[in-house]
Structures are given as structure tokens and as C-alpha cells.
Protein chains: 2
Amino acid sequence: MLQASVTTRCDQMLKRGVERKEIVRALGEVFRAHGYEGASLTLITEATGLGKGSLYHLFPGGKEQMASEVLAEIDAWFELNIYSPLREASDSARAIAAMIAGVDEYFHSGDRICLVGLVALGASRDTFAASVDGYFARWQVALAAVLRRSGLSKGQAQRRAEDALLTIQGALVLARARSDAGIFRRAMSDLTKRLLAPAE
Amino acid sequence: MLQASVTTRCDQMLKRGVERKEIVRALGEVFRAHGYEGASLTLITEATGLGKGSLYHLFPGGKEQMASEVLAEIDAWFELNIYSPLREASDSARAIAAMIAGVDEYFHSGDRICLVGLVALGASRDTFAASVDGYFARWQVALAAVLRRSGLSKGQAQRRAEDALLTIQGALVLARARSDAGIFRRAMSDLTKRLLAPAE
DNA sequence: GACTCTCTGTACCGATCGGTACAATCTCCG
DNA sequence: CGGAGATTGTACCGATCGGTACAGAGAGTC
């Protein structure tokens, strides 16, 4: 019966892991929709279907822990789907196209907001400064490496990667402000061309 | 004594107008620093030096009126210092350079945030949707007109103006996120070149 | 000085905030 | 089934939220 016991426990752990991931995802949507300050415990309980008891059992650190786990999960997603492919890419053009495709998917072609950007602008920025900075820093380094391999100088690569990140953020802001996802799509299309352009 | 009376009233009105402008400016800083939801009445009374009584006497509509007056004031500033010069410009290159200089001044070279962008991303977006959209729409139209006069096609001019707005917003987000005003300065420099470039 | 009207400080309102306490319940195990 | 530990709903906490009521201070007019 030992085997059964172990299996059961593994299943449980796995299930818990999955559930927690699901919860963190739901939390992310709440923070995205209402910001860190605006995401009240009431909204959070509604979005997750969890009472305060469960919530504080799962996240003893309260809202702050919830938000930082959400940021960590975002980071993990980008690490897996964006940074890592960028780092390991051999074909620069293909890697950049894949990055843009990934970004387009993640942000639902401009319908979805960047939570990291939102936090960066808000009052809670200082609390999560390290996560926010790390998110963009790692992205820039990974993208710059690809650009460098495609023949750009170090400075050019860094500058062009910076331009890419800023364009994505700006496109999300403007698309949201004007309720026009077309802005995001056009910006991503232009950005691809700009990233792929030969060194100046 | 009629003259004196009138003069006194005018002075008073003027003084009130100035004071109100000063108050709205202070309100703007609070909203910028804490967002619409985060700007509590306590913070507002501290920033303005006005008690609740005065505040609700001046702004019977409460926080919402305060915020919309702040947005209106921002709009007026841009109308005067950015949109209008853009519309009346004869020298496109000079007009664009002036716009970038104005933007750099307004945003303190990246140290200051765009309140309109912040509102656009936040939960209060719907409340102020018209102001937010109008701000960007008018800017884009004015800038596109200049670009059109400089020889670009209508579509190209619109697209390039869109790119300019999005770049400014993105630069502000990224500069804030990474606590590096240099990002904003570099972006503005690049943007100027991009705007001035000949038609593709 | 008395009247009027604008302005302001303060006390107060119900609602909600993030967070805690804890008993009840559920789940797994022997 | 019985015990142990994880999980949960609910009542409750003090603080603060945005907003209101109102008495009184202040200033301009006669």
C-alpha cells in the first residue's frame, strides 16, 4: 500500500500545484483589470471563488504576496515562451518573428494590458520595483543578444531592444486609450521590420 | 464707486481663477502619484491644503470632477503648447522639433508620468474614456497634418503620428519601470529622426 | 454695524478596506 | 471508525474610504 500512498500524495501535490496556478492566473486577471490598489479582497474572492479563509491560508502574505506571485508567474511565462527561445535561437529573423507572435498572443493582439507596465506606473511600483525592473531587463538582454548575433554592434543591439520594449508598452497603452486594437497590430508589424532592418 | 466695485470684482474673479488653477495643478500631481483610485481625500487635502469643506464647495462633483478638471487642464496645456503650434506651423521640421522639446519639458525628460496614459490603463478608464481618447486623437490629427504637409501621404502621416504617440507613452512607461530617464531621452532623439525621415 | 453670500473646519455618515480569529468541516490515513 | 492536519466560511477588527451636514468665519455691500 506504500505505492498507493505515494501516488496519492503525488497526485495531490500535482493537483494542488495546478489549482494554485489556476488561482494565480485568476488573480492576475483581477490585478490587470483593477490595478494593485483597486483589486479589493471582495473582487479577489469573487474572481477566485475562494473565501478569505482560503485566500489567507494560501497566501499568508496577503495581497502583496498574491501580486508578487502573479508577477513571478508572468515572469515564468515570458522566460519560457519569450526569453529562452530568444537566447537559444540560431536564426535571428525567425526568433524575432516568434517573439512578436508570442507577444501578440500574450496580449491578445492589444486587448490585454501589460500588468508589469501598469504596476510600473502606479503607486505600488516601489513595492515591486525589483520584479518590474527584472522583467524588462531580462527581456532586453535576451533580445539584444539575438540582435547582436544578427550583426549589430553591442550598443545598437541594446538600443534596438530598448526600442522594441518601449514600442510594445506604448502600443498597449495607446490601443487601450483609444480602444483600437489595430494600433497594436500595426505597431507590432512595424516593429518587426525595424528589428529586422540592417545596421544603420 | 461703480468703477472700484467692478475692478474689485474682476480682481477677485481673476484671483479665484488663478487659485483654482493652482489647486487643479496640485490635484494633478496627486493623481499622477497615486492614480485615480489611490488618490484618497486625505492625500488630496494634504496636497492642496484645503479641507473637505472647501474641496466639496469648489468641486461639488467630488473626486470625479476633480479628475476631469485635471484632465481638462492637461488638455488645455497641450492644446496651447503642442497641438496649436503644430497646426499653425509652416516649417515642419522646426514644428516637430518644437513638439519634442515641449514633450520633453512637460514630462521632465522622463521623470514625470503621463496621467492620461495612467488613467487609460486603470479601472477608471471608462469614466474618462472621452477625455482620454480626445487627448490622443487631437494630438494625432495635429501631428499628422504637419507630416502630411511635409510630403507624406495621408496614410503615412497618420501612421507615423500614431507611432510618435505610442513611442512617447512607451518611453514613459519603460523609463519609469527601469528608473532610467535616459530611456526617455534616447527615445525622443530617435523619434525625432524617425518623424523627419523622408517618405518610405 | 447688520445683512448677505462665499468659503471652510469639523463632526459625522454608512460602506468598504485589508486582515485576523476561530470553529466547523473536509480529507486522508491507519 | 477515529484521530490529525489541511482547508474553509463567517464573524469580526480597527482604519479608512468618499461624501454630507452644518455651524461659523470671513469678506463685500449698504
Side-chain angles (χ1 to χ4, degrees), chain A residues 1-20 22-24 26-27 30-31 33-70 122-124 127-128, chain B residues 1-20 22-24 26-27 30-31 33-70 122-124 127-128:
Chain A
M1 277 300 122
L2 181 66
Q3 186 53 42
S5 169
V6 168
T7 308
T8 307
R9 195 173 303 157
C10 282
D11 285 357
Q12 202 178 61
M13 301 281 275
L14 189 65
K15 197 188 159 207
R16 292 223 180 106
V18 170
E19 272 173 4
R20 191 181 183 91
E22 199 67 17
I23 292 164
V24 171
L27 288 174
V30 181
F31 285 124
H34 302 91
Y36 179 70
E37 289 88 4
S40 69
L41 269 293
T42 305
L43 286 169
I44 291 173
T45 56
E46 284 169 4
T48 57
L50 263 43
K52 284 188 180 184
S54 318
L55 240 21
Y56 275 84
H57 176 74
L58 256 39
F59 306 93
K63 263 179 79 171
E64 189 172 326
Q65 187 184 350
M66 297 179 205
S68 69
E69 287 204 20
V70 168
S124 52
T127 312
F128 306 105
Chain B
M1 281 298 122
L2 182 65
Q3 187 54 40
S5 171
V6 167
T7 306
T8 306
R9 195 173 306 159
C10 281
D11 284 356
Q12 203 179 58
M13 301 279 276
L14 188 64
K15 197 188 159 207
R16 293 222 180 108
V18 170
E19 273 175 3
R20 191 180 183 90
E22 199 66 19
I23 293 164
V24 171
L27 287 174
V30 182
F31 285 123
H34 302 92
Y36 178 69
E37 290 87 3
S40 69
L41 269 293
T42 305
L43 286 169
I44 291 173
T45 55
E46 283 169 5
T48 57
L50 262 44
K52 285 189 181 185
S54 318
L55 240 21
Y56 275 84
H57 177 73
L58 255 41
F59 306 93
K63 260 179 81 171
E64 189 172 326
Q65 186 184 349
M66 297 179 205
S68 68
E69 288 204 20
V70 168
S124 54
T127 312
F128 307 105

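In what follows, every chain begins at residue 1, and chains take the letters A, B, ... in the order their sequences are listed.
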*Within this structure, what is the CD1-to-P distance between B:Ile44 and D:dG18, rounded to whole angstrom?*
7 Å
*Partners of B:Ala26 by side-chain contact (heavy atoms from CB on, under 4.5 Å), sequence neighbours excluded?*
B:Thr48
_C:dT16 phosphate, OP1 or OP2, under 4.0 Å from A:Thr42 side-chain N/O_ = no
*Could I get the full list of side-chain contact (heavy atoms from CB on, under 4.5 Å) partners for B:Ser54, not counting sequence neighbours?*
B:Leu50
*May I ask you to verify if any side-chain N or O of A:His57 is less than 4.0 angstrom from the OP1 or OP2 atom of D:dT7?*
yes
*Using ring pair (Phe, Tyr, Trp, His ring centres under 6.0 Å) as the criterion, list what pairs up with B:Phe59, not counting sequence neighbours.*
none
*Whole Å only: how far is the CD atom of B:Glu19 from the C1' atom of C:dT8?*
13 Å
*Figure out the CG/C1' separation between A:Leu43 and C:dA15, and round it to whole Å.*
14 Å
Which protein N or O atoms sit under 3.5 Å from an N or O of nucleotides 19-21 of chain D?
unit_1	atom_1	unit_2	atom_2	d
D:dG19	OP2	B:Tyr56	OH	2.6
D:dG19	OP2	B:Lys63	N	3.2
D:dG19	O5'	B:Tyr56	OH	3.3
D:dG19	N7	B:Lys52	NZ	3.3
D:dG19	O6	B:Lys52	NZ	2.1

_Rounded interatomic separation in angstrom, taking CG from A:Leu58 and C1' from D:dT7_ = 9 Å
*Got a donor-acceptor contact below 3.5 angstrom from the B:Ser40 side chain to the B:Leu43 backbone?*
yes
*What pairs with A:Phe31 under ring pair (Phe, Tyr, Trp, His ring centres under 6.0 Å), at least two apart in sequence or on another chain?*
A:Tyr36
_Pairs meeting criterion salt bridge (charged side-chain N to carboxylate O under 4.0 Å, His left out) with involvement of residues 42-69 of chain B, two or more places apart_ = B:Arg20-B:Glu69
*Phosphate oxygens OP1/OP2 of C:dC17: is one of them under 4.0 Å from a side-chain N or O of A:Ser40?*
yes
*A:His34 NE2 to C:dC17 C1': how many Å, rounded?*
15 Å
